[in-house]
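Proteins come first, then strands; the chains are lettered A, B, ... in the order of their sequence lines, and each starts at number 1. As a basis for the values below, the full set of heavy atoms in this structure was taken, side chains included, without hydrogen atoms, waters or symmetry mates.
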2 protein chains.
Amino acid sequence: MTYSEENYLKVIYHLSHTANKGISTNAIANVMESKPSSVTDMVQKLADKELVEYVKYQGVTLTQKGMFMALMIVRKHRLWEVFLVEKLDFSWDEVHDVAEQLEHIKSEKLTNKLDEFLGFPTEDPHGDPIPDKDGRIASIDKKLLSEIGVSKKVICVGVKDSSPPFLQYLDKQQIALGSSIEVVAKEDFDHSLSLRVDGKNVTVSNKIASNLFVKPV
Amino acid sequence: MTYSEENYLKVIYHLSHTANKGISTNAIANVMESKPSSVTDMVQKLADKELVEYVKYQGVTLTQKGMFMALMIVRKHRLWEVFLVEKLDFSWDEVHDVAEQLEHIKSEKLTNKLDEFLGFPTEDPHGDPIPDKDGRIASIDKKLLSEIGVSKKVICVGVKDSSPPFLQYLDKQQIALGSSIEVVAKEDFDHSLSLRVDGKNVTVSNKIASNLFVKPV
DNA sequence: AAACATTTTTAGTCTTGGCTAAACATTAAG
DNA sequence: CTTAATGTTTAGCCAAGACTAAAAATGTTT
Ligand SMILES: [Mn+2]
Ligand SMILES: [Mn+2]
Ligand SMILES: [Mn+2]
Ligand SMILES: [Mn+2]
């Protein structure tokens, strides 16, 4: 498996969560910042290797084999993110780019020893679940903050977007994983939300609220 | 810098220690298990980027810039080897191949944080010195065991060959870094050596002895 | 100094993973 | 139900990094 093939599998895996039909070459190209024609080429190679199911014009889905490989890449990505935060004092907005590189290191022993060294974590620094060595992954039931009704109390359990600017914004507002949030009011005009976060009043836009995962308290 | 360019720089760096003229394309091809013609191509690219000095038919030498980059790759390689042994319980014969991958991860912050996490080690698991963040590298004065005279006492400080079979052989003979070695006798016929290693009698071939670095006690 | 042997470079080819432009399918409108 | 818009694939091209075979430079003998 090449670096490039691994990236395709990972992107297809992530896109599979928000769409239940086949993933279009266009969708893949958007995420990868490449062109649909390039995606078609690669997708055909992956189909030859039986990592994806592919029907022309109908999009692509992962096979069992492809799904497992994707999960192993996600596993490595998230374990390395934990390592960087827990052991090397990186902040949660600094880890993603480095993990993008580290996720391609090929050594089962390394992955499993790292897992052990970290105490078998179940979530990465952004609240995303970490697949175990057999590819099993917990699905936490979580909602977007934007979907929560007024006066409901929830706990922040994850971020949908883990780009540095968004994470830095959250840091600034002192919103972190584990923060308790109460939806005080929702503005009809711009759908912004008034919150009480760990006792402090904070107002956030709808865009922010629709990138924060929460669970009922 | 591509993965491939980095590997070339590293190989040129290592070869520079045993030869003081320019490194031949042939020598590089041998180490890289590729062909001299491929090396010529790449060496010309590295010269364009001013990472090496290259005169046709005269071999190649690292520039200041190329030397620094090579040292940073060696630094990462050796730091990761320490990490694998010290933190993840790898044995010294298992780390090299994984470090070959990890040495290409690009993040100064990661390298320096890892260095700190490991307590700023000065040597890797094979006794090789680790360059600091400015590229400074200690040169330990060490000799090959094969050059030591009869009845001299020395301490094992490094291995020249760090291939798994050789390292596993040393494990079997209970020869490790720090072992005290006395040369009891040298056989004229095959140049094999009778040793006392930490009090135990061991006989080793000349090939073994010329891959073990020692220093006078 | 010439001939031979060895080393090194050049010329031309291949594969991988991209791209653009053009052709073709599918979907949405009229 | 035909046309227009959009999405997708094909065809043809490119750069990186490898290779083989042939040419050229260098080194070693006689
Ligand atoms: Mn990430
Ligand atoms: Mn993450
Ligand atoms: Mn090594
Ligand atoms: Mn080493």
[X] side chain to [Y] main-chain N or O, any donor-acceptor pair under 3.5 Å?
| X | Y | result |
| --- | --- | --- |
| B:H126 | B:W92 | yes |
| B:K76 | B:E103 | yes |
| B:K113 | A:K87 | no |

Test: A:K45 cationic atom under 6.0 Å from A:Y8 six-membered ring centre, within 45° of axis: no
Under the 6.0 Å and 45° cation-pi test, does A:K109 pair with B:F90?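 Geometry flag: set, cation within 6.0 Å and 45°.
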Any-strand Watson-Crick or G-U partner of D:dA25, both distances under 3.5 Å: C:dT6
Contact interval (first through last nucleotide) of DNA chain D with protein chain B, 4.0 Å heavy-atom: D:dA16 to D:dT26
Salt bridge or not between B:E6 and B:K106? Use side-chain N to carboxylate O under 4.0 Å. yes
A:N206 to A:D190 - nearest heavy-atom pair and separation: CB-O, 4.0 Å
Side chains of A:L9 and A:V52: closer than 4.5 Å at any heavy-atom pair? yes
Sugar-phosphate or base contact per nucleotide [nucleotides 17-28 of chain C; S, B, -; heavy atom under 4.0 Å]: BSBB---BS---
Rounded distance (Å) that lies between atom C1' of C:dT9 and atom CD1 of B:I28: 14 Å
